[in-house]
Amino acid sequence: MHPKSVLFVCLGNICRSPSAEAVMTKLTKNQGLNIHFDSAGTANYHTNSPPDERAVAVGKSLDYDLSALRARQVRPDDFYEFDMIFAMDANNLANLQKIMPADATAQVAMFDELAVADPYYGDISDFQSMFAHIEKASQHWLTRWQQGATHD
Ligand code: 4NP
């Protein structure tokens with residue numbers, strides 16, 4: 001079984017998590033899977049900002065559309081409204097676990113065992129590597145969900 005809803009979480013919600021949202025939205029649509037995706041940041045520095053222009057540009061070159069996404073901070077309701085919350089790195093995971101309500105129903109996990117590197121202070125090649133990493137991890141989860149495994 002696949003989750004019905006998945007939230008991707010990074011620090012700023014302008015690089016990694018909106019990119020993961022766009023990749024997973026497209027890949028699942030292509031496969032006829034009906035899953036709701038969203039993304040958020042543990043920080044609030046970029047609330048209401050569009051994704052980083054480098055993420056938008058590299059995403060567009062790979063046929064992923066990030067243009068309509070706007071940053072928001074993680075909120076307590078997310079821990080009940082989403083089936084799964086994926087952290088992009090170990091700091092994001094630790095920060096999520098700090099604010100997670102005791103009776104949260106969402107399952108919180110790393111998106112990939114290997115942290116998706118923060119490209120914010122890098123260059124275009126770091127954004128290209130980020131998309132490649134996200135695509136690989138996305139394929140892993142899609143295969144897992146389609147094999148009927150539980151989503152843990
Ligand atoms: P993200 O990248 O967490 O992948 O969105 C970052 C975006 C902004 C900052 C850090 C990381 N920042 O320090 O403003």
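Just follow the structure's listing: the first ligand is 1, and inside any ligand the first atom is 1. Everything numeric here is computed off the predicted structure, so don't read it as measured data.
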Name every donor-acceptor pair, under 3.5 Å, that has one atom in a side chain of residues 116-124 and the other anywhere in the protein, sequence neighbours excluded.
{"unit_1": "Asp118", "atom_1": "OD1", "unit_2": "Tyr120", "atom_2": "N", "d": "2.9"}
{"unit_1": "Asp123", "atom_1": "OD1", "unit_2": "Ser125", "atom_2": "N", "d": "3.1"}
{"unit_1": "Asp123", "atom_1": "OD1", "unit_2": "Ser125", "atom_2": "OG", "d": "2.7"}
{"unit_1": "Asp123", "atom_1": "OD1", "unit_2": "Asp126", "atom_2": "N", "d": "3.4"}

*Using a 4.0 angstrom limit on heavy atoms, which residues are close to ligand 1?*
Cys10, Leu11, Gly12, Asn13, Ile14, Cys15, Arg16, Tyr45, His46, Asp118, Tyr120, Tyr121
*For Ala90, what residues pass the side chain to side chain contact (heavy atoms under 4.5 Å, CB included) criterion, not counting sequence neighbours?*
none
*asked:* Heavy-atom count check: over 12 atoms from other residues, nucleotides or ligands less than 6.0 Å from Gln139 CD?
replied: yes
*Exceeds 12 heavy-atom contacts within 6.0 angstrom, atom OH of Tyr80*: yes
_Under the salt bridge (charged side-chain N to carboxylate O under 4.0 Å, His left out) definition, can you give me all pairs with a residue in residues 86-103, not counting sequence neighbours?_
Arg16-Asp89
*For the pair Arg75 and Asp77, find out whether any cationic side-chain nitrogen is under 4.0 Å from an anionic carboxylate oxygen.*
no
